[in-house]
Every structure is written in C-alpha cells, then in structure tokens.
K.L.:
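Can you read through this structure? Questions will come right after.
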2 protein chains.
Amino acid sequence: MQTVADALGLSRATVSLALRDASKIAEETRLRVQAEAARLGYIPNRNAVRLRTQQRNVIGLVVPDITNPVVAEAAIGMQMGLEDRSMIVLLSNTFDDLTMQRHVLRQLVEEQVAGVLLLPALGTTAVELERLRAARIPVVLLNRAVPESDLPIVHVLDAEIVGIAFEHLVVEHGAQSLGYFGGIGDAGPRIQRMESFSRLCAAEDVRVMEAWSAPSPSSAIAARELAHRLLGSAEPLPDALIVHNDIIAIGVLRALNEFSISPSELRVVSIDDVELASITTPSLSSVSIHPRDLGRTAGHRLLAALSGEVFDGALEAPSLARRESCGCGSAPVAVG
Amino acid sequence: MQTVADALGLSRATVSLALRDASKIAEETRLRVQAEAARLGYIPNRNAVRLRTQQRNVIGLVVPDITNPVVAEAAIGMQMGLEDRSMIVLLSNTFDDLTMQRHVLRQLVEEQVAGVLLLPALGTTAVELERLRAARIPVVLLNRAVPESDLPIVHVLDAEIVGIAFEHLVVEHGAQSLGYFGGIGDAGPRIQRMESFSRLCAAEDVRVMEAWSAPSPSSAIAARELAHRLLGSAEPLPDALIVHNDIIAIGVLRALNEFSISPSELRVVSIDDVELASITTPSLSSVSIHPRDLGRTAGHRLLAALSGEVFDGALEAPSLARRESCGCGSAPVAVG
DNA sequence: TTGAAAGCGATACCAA
DNA sequence: TTGGTATCGCTTTCAA
C-alpha cells in the first residue's frame with residue numbers, strides 16, 4: 001500500500017511520517033498524502049506496525065464462562081476502562097478447564113499481548129502462569145486467587161460483602177441461625193466467604209446450619225435441586241440464608257416458592273445484584289458488587305502495570321439492595 | 001530468539017524448519033532443536049508469522065451487548081465451532097452504537113482479521129460495512145439483517161418461531177386474542193416476527209391486541225414497567241402473549257404476578273429459552289432457539305466462507321419448552 | 001540436509 | 001523537510 005501511496009512521487013518514509021507525526025512534514029505535503037491515502041483506501045497493517053515498534057495494544061481477557069452475567073458485566077466494564085487507549089480485547093472462555101486455559105494462555109503469549117486479565121480456572125496454580133511470567137506479560141487476577149502466586153488481584157471484598165449481609169440479617173432482622181448456601185467448594189470466593197461467615201457467626205453467637213451451608217455450582221437449576229432436597233429432608237430451616245450469588249439464589253427462591261415458604265420464614269440475602277434480582281418473585285435482596293466497576297478497575301490496574309505506574313484506584317464498596325426476599329417489604333414499583 | 005536458538009550451531013532457517021515441517025530435516029537435528037527451544041522457552045511471534053505468511057487466524061466477533069444471555073451463548077457456541085482450527089476470537093461490544101461499531105470494525109480491518117461475525121448495531125446500513133468489503137474480509141451476519149446488503153446471515157427462523165408459539169397458544173390453548181410483546185421497534189427481529197404474527201392472526205381470525213403488541217427494550221425492568229402501565233390502564237387483556245424474549249418475559253411475569261393474574265387468565269409464551277426460563281415463578285414456556293447452535297453454525301459458515309467452500313450446515317429447528325406460564329401445568333420438579 | 005538471502009509492511013535513524 | 005536503508009521475527013525459495 002505504501003508503494004501505491006508513493007505513486008504520487010514521495011518515498012514510503014515520507015508517507016509514513018505524514019500519516020502520523022505531524023511535525024517535520026510540510027503541512028501541504030501532509031494533506032496531499034492524507035488525501036491520497038484516503039482516496040486509495042489505504043489501511044495500515046497493525047501486524048507490521050506491531051512487529052516494527054514492539055507496540056502492544058492487545059489485552060487478553062480469560063474467563064471460565066462469559067455466560068455468567070457478572071463476568072459479562074465485568075468484561076464490559078473492562079472494555080470501557082480500556083477503550084480510550086485504543087486497546088483491543090481478545091476474549092477466551094476456558095470453561096473452567098485447565099487444559100483449555102493452558103492452550104489459551106499460550107496463544108496469548110504468542111500474540112505478544114500487552115497484558116492479561118485472568119479469572120483463573122478452578123485448580124489453577126502458579127506453574128500454569130509460568131509462561132506468562134517468563135514472557136514478562138503483566139497479569140491481573142480477577143476474583144479468584146492463585147495459590148503460591150503474588151500476582152495483583154482485583155476482587156470483591158469478600159469479608160465486607162459477607163459482613164453486610166450478616167449484619168442486615170442478624171441485626172436488622174434478628175436472625176439466630178444462618179446458612180451460607182452455594183458456591184464452588186474449593187474455589188477462592190466460597191472459601192474466603194465461608195471464613196468470614198464462620199468468624200462472624202462465632203463472634204455473634206449465631207448458629208451455623210451446616211446442611212444449608214453446602215456448596216453448589218453456579219446454576220439456578222442445580223441450586224433449586226439442592227434446596228428441594230434440603231426442604232424435603234428433616235433438616236431444620238435456618239432463620240436466614242446468605243446465598244453465594246444471584247443465579248443460585250434464583251434457584252433457591254424457586255424452591256422456597258414451591259414449598260410455600262415465605263421470606264419471613266426463611267430470609268434470603270444474595271450476592272451480586274444482577275439486573276434480574278429486582279424482578280424475581282419475590283424480588284431478591286442482594287449485596288451489589290458492582291461488577292462493571294470491578295472490570296473497569298481491573299482494566300485500569302492492568303494499564304497501570306503496563307506503564308509501570310502505581311495503581312491508586314479503589315473498588316466501589318459493596319452495598320445492599322433491600323428487596324423482598326429478606327423480608328424488607330415490597331419492591332419499589334416504578335410505574336409511569 | 002531464533003538467534004539464541006542457533007546458539008547450537010545451526011542457522012535460523014534450519015531451526016524454523018525443524019520446529020514445524022517434519023520432512024527435510026534430520027530426525028536427530030529436529031529433536032535437538034526442539035529440546036533446545038523448549039529449554040530456552042522459545043515462543044514464536046505470531047505477528048511476525050502473520051506478516052510473513054499472510055496467515056489469518058483471528059476472527060472478529062462484534063455484538064451490541066455480550067451481557068445478553070443469548071448473545072453470550074452464541075459467542076460460546078462460535079468459539080467452540082472455531083477452536084479446532086486454532087482461531088482466535090477478538091470480541092467487541094458496540095452498545096448498539098454506530099460510532100462505536102465503526103471504530104471497532106476499523107480496528108478489525110487493521111488487524112487483518114480473517115473474518116467477522118457481526119450482530120449489527122441498530123441502524124447499520126450497507127455503507128457501514130464498506131470498509132470490510134473493500135478489504136475483502138468475509139462477514140457473516142447474526143440475527144439482524146442489514147438493509148441493502150446481501151451478506152450471508154445466520155438467524156433464528158423468525159417465522160417458524162412465531163408459528164410454534166402461535167400454534168401452541170391458539171390451537172392447544174384456544175386463545176382468541178393475542179399480543180406480540182416487546183422487542184426493539186425498528187430492529188429486524190421484531191419486524192420479521194410481527195409480520196409473521198400479523199399474517200397468522202389474520203389467517204386464523206385471531207384478534208391482535210395492539211396495545212399489548214408494543215415494542216420494548218430488552219430489559220426486564222423496562223418490560224415490567226410497560227406491563228404495569230398496561231395492566232393499570234383500561235386496556236383489555238388478551239388471552240395470551242407471545243413475548244419477544246425471555247428477559248422481557250421475566251419482567252412481564254413479574255408484573256402479572258403483582259397484579260395477581262394467573263397463566264390461565266393471560267398465557268405467556270416467550271422466545272429464547274435461556275436457562276433461567278425453567279426457574280422463574282411461574283416457570284416460563286419458551287420457544288428455544290438453541291443459541292449455542294446459532295453461534296456454532298455462524299462460525300462454521302464463516303469458516304466455509306474463508307476457505308471458499310459451500311456451506312451446508314443447517315440450524316437446529318426451534319422447539320417449544322412447555323412450562324407453567326402458558327398454562328401447561330406445573331414444571332417438572334427434579335428432586336433427588 | 002542445511003545455509004544464505006530475500007521479503008512481508010511498516011518505522012526510525014541518519015544523510016542529503 | 002525529505003529519501004535511503006536497516007530492522008522487527010519469521011518463512012521460503014534456491015544453492016551448496
């Protein structure tokens with residue numbers, strides 16, 4: 001293309017300059033070049049540019065499941081946090097599969113990406129990330145920590161979240177027995193939250209209902225089945241439940257509904273506050289983690305790492321959306 | 001790196017060959033090279049490879065909103081349809097904004113992507129895609145058609161979907177009056193479906209309730225508000241509603257619930273059948289469009305276009321998931 | 001079987 | 001202010 005462009009008597013070098021660096025080129029030449037380039041429909045080849053300049057403008061986003069609304073929101077937040085710098089996002093789903101993740105990470109290294117935002121697959125260890133480290137590609141972890149690794153991580157403040165839900169249920173609603181329902185058993189988030197949960201229950205003398213504190217995959221259907229099983233068993237009901245996330249909570253709500261158990265009998269506070277939470281029946285009280293902000297912050301953090309800056313941004317604090325499922329009364333109905 | 005690799009006495013060319021093309025290289029040399037490469041942690045530079053070979057292994061996926069579960073599912077389906085060919089997916093959200101879409105498409109052209117899967121932003125016209133055409137980048141459209149353009153499109157079979165819902169409501173449930181609720185007014189899908197809907201209603205002498213056939217954005221909250229407004233007004237209820245998608249339907253269901261209107265009074269059949277549909281209260285009868293299959297098919301179609309093959313795959317036919325919201329009885333409860 | 005050299009499309013240095 | 005030329009990392013003839 002360059003050669004075509006100097007079909008107006010100039011050298012490629014001049015054209016190259018004229019198309020970017022404004023200085024050092026006669027205003028008139030520049031305009032002529034730009035006009036001609038536009039006329040010919042010239043489009044620079046990013047691959048060549050990258051090869052020559054070592055420029056890196058691609059960010060890898062690696063997640064287990066983009067279908068998860070929180071993940072999708074975070075992805076969008078990240079894209080928003082990056083777009084001004086004309087960064088491009090390479091997305092990959094790992095399906096929580098280590099082999100897949102290995103494959104993907106290798107590809108990203110080959111692509112010479114500027115950095116990687118990683119929501120690690122279950123079972124990810126530091127060795128999995130060795131290649132990235134060797135290639136000196138900055139990595140920011142999202143939500144799930146990786147054992148033995150000191151990578152920067154942006155994550156929801158588990159202790160704070162659990163604290164908010166706990167405080168609301170115990171202090172405001174007077175719950176005496178609690179369960180922490182769902183979440184993948186050996187994944188970071190559940191482990192972290194269970195820890196806070198247990199500590200709080202012990203400190204405030206609240207009874208922990210073990211059966212209702214079982215793990216569950218992030219699926220409404222699976223959660224509903226589990227809740228069904230518990231409701232059909234002799235297990236006593238706790239006063240309230242903190243549910244690992246909204247998707248799981250929707251399954252639980254459905255089960256409670258089928259057993260005609262009202263929020264006053266079993267209060268539910270969930271975590272995430274996705275859009276759907278306000279619209280379920282009963283509507284779902286949920287601790288909002290502001291997933292978009294999470295993604296945006298992670299993006300900024302990665303950018304900071306790229307330019308060697310110190311990162312100073314903080315995550316938006318979680319906050320409780322009070323709705324019906326905890327017994328806080330009816331949902332606000334916005335009718336026009 | 002190559003230079004480092006021939007620190008074992010060979011030329012870069014030999015190394016390059018040894019690392020891929022098995023023939024023409026002594027078995028022993030090859031092994032030595034590969035061992036050394038592994039030891040040194042050599043990673044080929046995709047940019048250089050692409051530049052030299054003109055190889056293209058990146059596919060652009062451009063969608064308005066990855067947060068939409070159907071879109072997310074389709075994205076995953078596409079990724080699955082592509083992965084064996086070691087293709088990489090560049091994802092971008094346009095937020096249904098034309099300026100954004102222009103920006104993104106330009107980036108994709110610069111990246112020299114092999115092809116683009118595009119779920120066009122509202123208002124996209126053929127001129128928007130001119131650049132892609134000029135760069136001879138194959139495009140496959142997803143779901144929304146682009147006026148004046150003859151690009152191949154993979155889309156849900158709107159007429160068939162509406163037919164299934166209509167038939168179920170009118171023939172099996174005896175509905176005499178119907179509404180087609182929601183969908184973006186000037187977007188392809190709603191227009192297509194409204195057309196089928198009107199034709200069917202006319203043919204079968206079913207009354208079309210105009211007020212209940214209003215457009216609505218794809219948001220449960222907005223849909224609920226609209227339904228609220230209608231329920232609070234003097235508008236008569238139709239016997240049944242075909243709802244544009246599950247997200248909208250969830251909002252509608254919530255509104256009906258708040259007005260204590262049961263499925264027998266207003267039957268609802270929705271479109272999409274996302275996972276959540278089986279778990280709402282009442283559970284949502286929905287025409288499944290198999291979004292993953294949609295994505296996979298689109299991916300295959302694009303691959304076919306890349307290699308100049310004729311595309312022969314067909315889309316999975318839509319099918320109705322009968323649940324409670326149309327009055328088909330209680331949801332199957334899978335209790336262990 | 002291996003090596004030398006050209007070239008992919010751009011940038012950047014140094015002269016002119 | 002412009003042009004010549006080396007270079008980025010790799011593949012690919014063509015000879016040796």
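All values derive from a computational prediction rather than experimental measurement. Note on naming: letters A, B, ... go to the chains in the order of the sequence lines (proteins, then strands), and numbering restarts at 1 for each one.
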K.L.:
I'd like to check the side-chain contact (heavy atoms from CB on, under 4.5 Å) partners of B:Ala75; sequence neighbours left out, ordered by chain and number.
P.N.:
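Testing B:Ala75 for side-chain contact (heavy atoms from CB on, under 4.5 Å), a comparison that skips the adjacent residues, returns B:Leu61, B:Ile66.
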K.L.:
Under the rule for salt bridge (charged side-chain N to carboxylate O under 4.0 Å, His left out), what residues qualify as partners of B:Arg190, not counting sequence neighbours?
P.N.:
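Testing B:Arg190 for salt bridge (charged side-chain N to carboxylate O under 4.0 Å, His left out), a comparison that skips the adjacent residues, returns none.
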K.L.:
Between B:Thr14 and A:Val49, which is nearer to the 5' end of DNA chain C once each is assigned its nearest nucleotide?
P.N.:
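It is B:Thr14, whose closest nucleotide lies nearer the 5' terminus.
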K.L.:
Mind checking what makes side-chain contact (heavy atoms from CB on, under 4.5 Å) contact with B:Arg52, not counting sequence neighbours?
P.N.:
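Partners of B:Arg52 under the side-chain contact (heavy atoms from CB on, under 4.5 Å) test: none.
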K.L.:
Under a 4.0 Å threshold between the charged nitrogen and the carboxylate oxygen, would B:Arg32 count as salt-bridged to B:Glu36?
P.N.:
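Between B:Arg32 and B:Glu36 there is no salt bridge, as every charged N stays at least 4.0 Å from the carboxylate O atoms.
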K.L.:
Using a cutoff of under 3.5 Å, can you pull out all pairs of nitrogen or oxygen atoms linking the protein to nucleotides 5-8 of chain D, with atom names and distances?
P.N.:
| residue | atom | partner | partner atom | Å |
| --- | --- | --- | --- | --- |
| D:dT7 | O2 | A:Arg52 | NE | 3.4 |
| D:dT7 | O2 | A:Arg52 | NH1 | 2.8 |
| D:dC8 | O2 | A:Arg52 | N | 3.4 |

K.L.:
Could you list the residues that satisfy salt bridge (charged side-chain N to carboxylate O under 4.0 Å, His left out) with B:Arg56, not counting sequence neighbours?
P.N.:
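Result, salt bridge (charged side-chain N to carboxylate O under 4.0 Å, His left out) vs B:Arg56: none returned.
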K.L.:
Can you name the salt bridge (charged side-chain N to carboxylate O under 4.0 Å, His left out) partners of A:Glu111, sequence neighbours left out?
P.N.:
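If we apply the salt bridge (charged side-chain N to carboxylate O under 4.0 Å, His left out) test to A:Glu111, skipping adjacent residues, the hits are B:Arg50.
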K.L.:
Using a cut-off of strictly less than 4.0 Å, decide whether B:Thr29 has a side-chain nitrogen or oxygen near OP1 or OP2 of C:dT1.
P.N.:
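No, B:Thr29 has no side-chain N/O under 4.0 Å of OP1/OP2 on C:dT1.
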K.L.:
What's the angle between the local helix axes at either end of the helix from C:dT1-D:dA16 to C:dA16-D:dT1, using five pairs per end and rounding to 10 degrees?
P.N.:
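Inter-axis angle at the termini of the helix from C:dT1-D:dA16 to C:dA16-D:dT1: 40°.
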K.L.:
Which nucleotide, C:dT2, D:dC10, D:dT11, lies nearest any side-chain atom of B:Ala26?
P.N.:
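That would be C:dT2.
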K.L.:
Quick one: list whatever passes side-chain contact (heavy atoms from CB on, under 4.5 Å) with A:Ala135, sequence neighbours left out.
P.N.:
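By the side-chain contact (heavy atoms from CB on, under 4.5 Å) rule, A:Ala135 matches A:Val109, A:Ile137.
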K.L.:
I'd like to check the side-chain contact (heavy atoms from CB on, under 4.5 Å) partners of A:Val146; sequence neighbours left out, ordered by chain and number.
P.N.:
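A:Val146: side-chain contact (heavy atoms from CB on, under 4.5 Å) contacts with A:Pro120, A:Thr124, A:Leu129, A:Leu141, A:Ser149.
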